[in-house]
Trainee: 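Just passing along the structure, written as structure tokens.
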Amino acid sequence: MTKGASMRTGIACSAALLVCGLAVGCSGGDAPDAKLTVKMSEWLFEPSATSIKSGNVKFTVNNVGGAEHELVIVKGSDPKALATKTNGSVDEEQIVEALKVGEVEEVAARTTKSGTLAVEPGTYVLMCNLVDANGVSHFAKGMVATLTVK
């Protein structure tokens, strides 16, 4: 490899690491403070724990179903208190930005996807808020759970 090619490769790798460091789901090599796996399928939403340690939490979404799902995390203790649209999904525009922690989006059927998010002590609602092509709200069908962060 020539010196120029080596330098271009180094610059490309540095740029990729910078982009990765800014994106949800990438970590800078530091171990997360806690890990949580959420198993999902059509109308099943099963976190591996109901309580975890605060800090940088690695959320791993294991979609064992036949449809796309997502994990949305918002601060709050009562899923029924969240404003919903007429289709039964949560109206995410009504959630104050300070309450929305983040999400792991577009988890295709039979795949696993992860994201690391900073989570402070409190209670959170975890949900799949997708609405399928038939107008079925995953949230309304029970794809929701609560999580305590200590």
Trainee: I'd like to check L71 versus M40 (side-chain heavy atoms, cut-off strictly below 4.5 Å). Are they in contact?
Mentor: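 Touching, per the 4.5 Å side-chain cut-off.
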Trainee: Taking all atoms of both residues into account, what is the closest heavy-atom pair of M143 and L44, and its distance?
Mentor: CE-O, 3.5 Å
Trainee: I need the minimum non-hydrogen distance between S77 and T146, along with the two atoms involved.
Mentor: O-CG2, 3.6 Å
Trainee: We want to know whether H138 and E42 form a side-chain donor-acceptor pair, criterion being a heavy-atom distance below 3.5 angstrom.
Mentor: no
Trainee: What residue pairs, at least two apart or across chains, pass side-chain hydrogen bond (donor to acceptor under 3.5 Å, both in side chains) with a residue in residues 57-67?
Mentor: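 Sorted pair list: T60-S114, N62-T112.
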Trainee: Once side-chain contact (heavy atoms from CB on, under 4.5 Å) is applied, do any residues pair with A49, and if so which ones, sequence neighbours excluded?
Mentor: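 Checked A49 against side-chain contact (heavy atoms from CB on, under 4.5 Å); matches are L36, I52.
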Trainee: Please name all residues satisfying side-chain contact (heavy atoms from CB on, under 4.5 Å) with K150, sequence neighbours left out, ordered by chain then number.
Mentor: S51, T148
Trainee: Restricting to side-chain contact (heavy atoms from CB on, under 4.5 Å), what partner residues turn up for A145, sequence neighbours left out?
Mentor: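 side-chain contact (heavy atoms from CB on, under 4.5 Å) check on A145 returns F45, P47.
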Trainee: Drop me the distance from K113's NZ to F59's CZ, to the nearest 0.5 angstrom.
Mentor: 15.0 Å
Trainee: Once salt bridge (Lys or Arg N to Asp or Glu O under 4.0 Å) is applied, what residue pairs with a partner in residues 66-75 remain, sequence neighbours excluded?
Mentor: none
Trainee: Tell me which donor-acceptor pairs under 3.5 Å the side chains of residues 119-137 have, and how far apart each pair is, sequence neighbours excluded?
Mentor:
residue, atom, partner, partner atom, Å
Y124, OH, E120, N, 3.3
Y124, OH, E120, O, 2.7
N129, OD1, V90, N, 2.7
N129, ND2, V90, O, 2.9
N129, ND2, E92, OE2, 2.9
D132, OD1, N134, N, 2.9
D132, OD1, G135, N, 3.1
D132, OD1, V136, N, 2.9
S137, OG, G88, O, 3.2
S137, OG, S89, N, 3.3
S137, OG, F139, N, 3.4
S137, OG, A140, N, 3.0

Trainee: Where is the tightest heavy-atom contact between R110 and V64, given as atom of each residue plus distance?
Mentor: CG-O, 4.2 Å
